[in-house]
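Everything below concerns the one structure shown next.
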Amino acid sequence: MGRKRTGWRLLATAGLLAVGLAACSSAPAPPDGSAGSVADRPVPAAIRHLPLTDQAGRRVTLASWPGRTVVVVPFLTLCADICPMTTGNLVQVQRALRADGAASAVVLVEVTVDPGRDTPGRLAAYARLTGARWPLVTESPAVLRRLAGFFGFDYRKVPEGQPPDVDWLTHRPLTYDVDHSDGFVVIDPSGVERFVTGGAPAFHGTLPAALHRFLSPVGRRHLDHPARPSWTPTDLLDAVGWSMGRALPAAPAGGGS
């Protein structure tokens with residue numbers, strides 16, 4: 001389920017921004033271009049204020065966290081391939097941010113590409129199982145189309161495999177799957193998109209048991225042999241630190257929350 005697709009828009013501004021920032025010795029260098037592309041694109045208010053609903057049933061938007069760097073990550077709770085590694089990487093990122101005292105300056109937002117099934121209740125159950133301590137949000141199909149159109153990620157409903165997998169929450173056979181692109185987008189505190197990647201997560205360490213149980217045989221192969229291009233928790237922290245204007249430490253490998 002949730003098979004990987006590549007489809008995020010890659011930007012060609014890395015060289016120019018690297019030259020501009022090289023003269024400023026106090027600012028961290030732009031993130032490694034092998035992980036994604038730097039950007040300098042304001043996110044319009046019409047996108048930042050699109051209505052979302054988090055796992056607690058609260059209405060939020062991408063503008064709900066003024067003054068903070070926002071990381072937007074596509075996923076779905078019924079993914080058995082890539083998404084468990086994505087959540088595992090975010091657990092490591094959140095732990096590193098807390099250790100550095102930077103957690104209050106950054107918000108991770110996992111945005112479902114399966115709004116038809118990912119209700120707030122399902123998102124809350126996923127958060128409890130996986131240790132996700134950040135907003136997991138759902139939205140209407142129309143809002144998802146606008147978010148995906150602006151940020152350039154790809155998703156589509158596809159037939160379920162045969163025999164069908166079983167829903168981990170309802171224990172009923174699934175009737176469809178969602179193919180989607182991976183990666184993340186970093187939006188700085190002023191509402192400007194600063195970094196984008198369509199890479200798959202490369203998880204290092206021991207994936208928490210709750211996340212490992214989601215993995216299909218294909219997912220377990222991707223855990224051992226990540227698809228390319230890929231991103232690590234340290235890649236995400238480098239992008240966030242660059243957005244914030246200060247270096248963040250590398251994330252330690254591991255599986256705890």
Side-chain angles (χ1 to χ4, degrees), residues 1-4 52-58 60 71-99 103 106-139 144 155 157 160-161 163-184 200-224 226 231-233 236 251-257:
M1 294 177 293
R3 293 178 287 273
K4 178 184 181 295
L52 310 168
T53 304
D54 71 9
Q55 66 264 44
R58 296 175 295 230
V60 297
V71 182
V72 179
V73 188
F75 90 118
L76 67 152
T77 66
L78 286 164
C79 173
D81 184 355
I82 297 294
C83 298
M85 280 85 83
T86 295
T87 300
N89 273 3
L90 296 181
V91 168
Q92 292 186 14
V93 167
Q94 186 71 8
R95 187 170 71 245
L97 291 170
R98 289 201 303 266
V106 182
V107 59
L108 309 173
V109 184
E110 282 194 279
V111 179
T112 184
V113 293
D114 187 15
R117 295 182 295 194
D118 277 340
T119 63
R122 179 183 288 276
L123 294 174
Y126 181 85
R128 288 192 297 270
L129 280 174
T130 64
R133 299 175 182 174
W134 50 83
L136 310 175
V137 301
T138 189
E139 65 289 311
L144 176 59
Y155 67 97
K157 185 183 291 189
E160 177 62 25
D165 286 323
V166 175
D167 186 327
W168 55 267
L169 184 62
T170 67
H171 308 295
R172 296 175 181 172
L174 297 175
T175 58
Y176 68 88
D177 196 3
V178 179
D179 281 357
H180 65 98
S181 52
D182 300 303
F184 61 84
F203 184 87
H204 301 293
T206 301
L207 191 69
L211 287 166
H212 198 279
R213 283 193 289 270
F214 283 102
L215 294 176
S216 66
V218 172
R220 290 192 289 273
R221 288 197 295 273
H222 282 146
L223 175 62
D224 294 333
W231 62 273
T232 67
L236 193 155
S257 60

Nearest-0.5 Å distance that lies between atom [atom1] in [X] and atom [atom2] in [Y]:
X	Y	atom1	atom2	value
L123	T53	CG	OG1	9.5 Å
E110	T87	CD	OG1	4.0 Å
F203	I82	CZ	CD1	13.5 Å
L223	R221	CG	CZ	12.0 Å
R220	L207	CZ	CG	11.5 Å
M85	H212	CE	NE2	9.0 Å

Could you report the tightest heavy-atom contact between [X] and [Y], atom names first, then the distance?
X	Y	result
P173	P164	CB-CG, 3.9 Å
T130	F214	CG2-CE1, 3.8 Å
V60	D54	CG1-OD2, 4.1 Å

Verdict with supporting geometry, T86 and F184, side-chain contact (heavy atoms from CB on, under 4.5 Å): CA-CA 10 Å; T86 295; F184 61 84; over 6 Å; no
With a 4.5 Å cut-off on side-chain heavy atoms, are [Y] and [X] touching?
X	Y	result
F75	V178	no
H180	C83	yes
V73	L108	no
T175	E160	no
T112	L136	no
V71	V93	no
R122	D167	yes
Q94	V106	no

Trace of the side-chain contact (heavy atoms from CB on, under 4.5 Å) decision for D114 with Y176: CA-CA 10 Å; D114 187 15; Y176 68 88; 2.8 Å; yes
L144 and Y155: CA distance, side-chain angles, deciding distance, side-chain contact (heavy atoms from CB on, under 4.5 Å) verdict: CA-CA 10 Å; L144 176 59; Y155 67 97; 3.6 Å; yes
Whether Y126 and W168 hold their rings parallel, tilted or perpendicular, with breakpoints at 30° and 60°: tilted
Test item: side-chain donor near acceptor, D118 and T138, under 3.5 Å: no
Trace of the side-chain contact (heavy atoms from CB on, under 4.5 Å) decision for L76 with R117: CA-CA 9 Å; L76 67 152; R117 295 182 295 194; 4.2 Å; yes
Residue that, paired with V113, satisfies side chain to side chain contact (heavy atoms under 4.5 Å, CB included) out of C79, P74, S181: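 By the side chain to side chain contact (heavy atoms under 4.5 Å, CB included) criterion, V113 pairs with just one of C79, P74, S181: P74.
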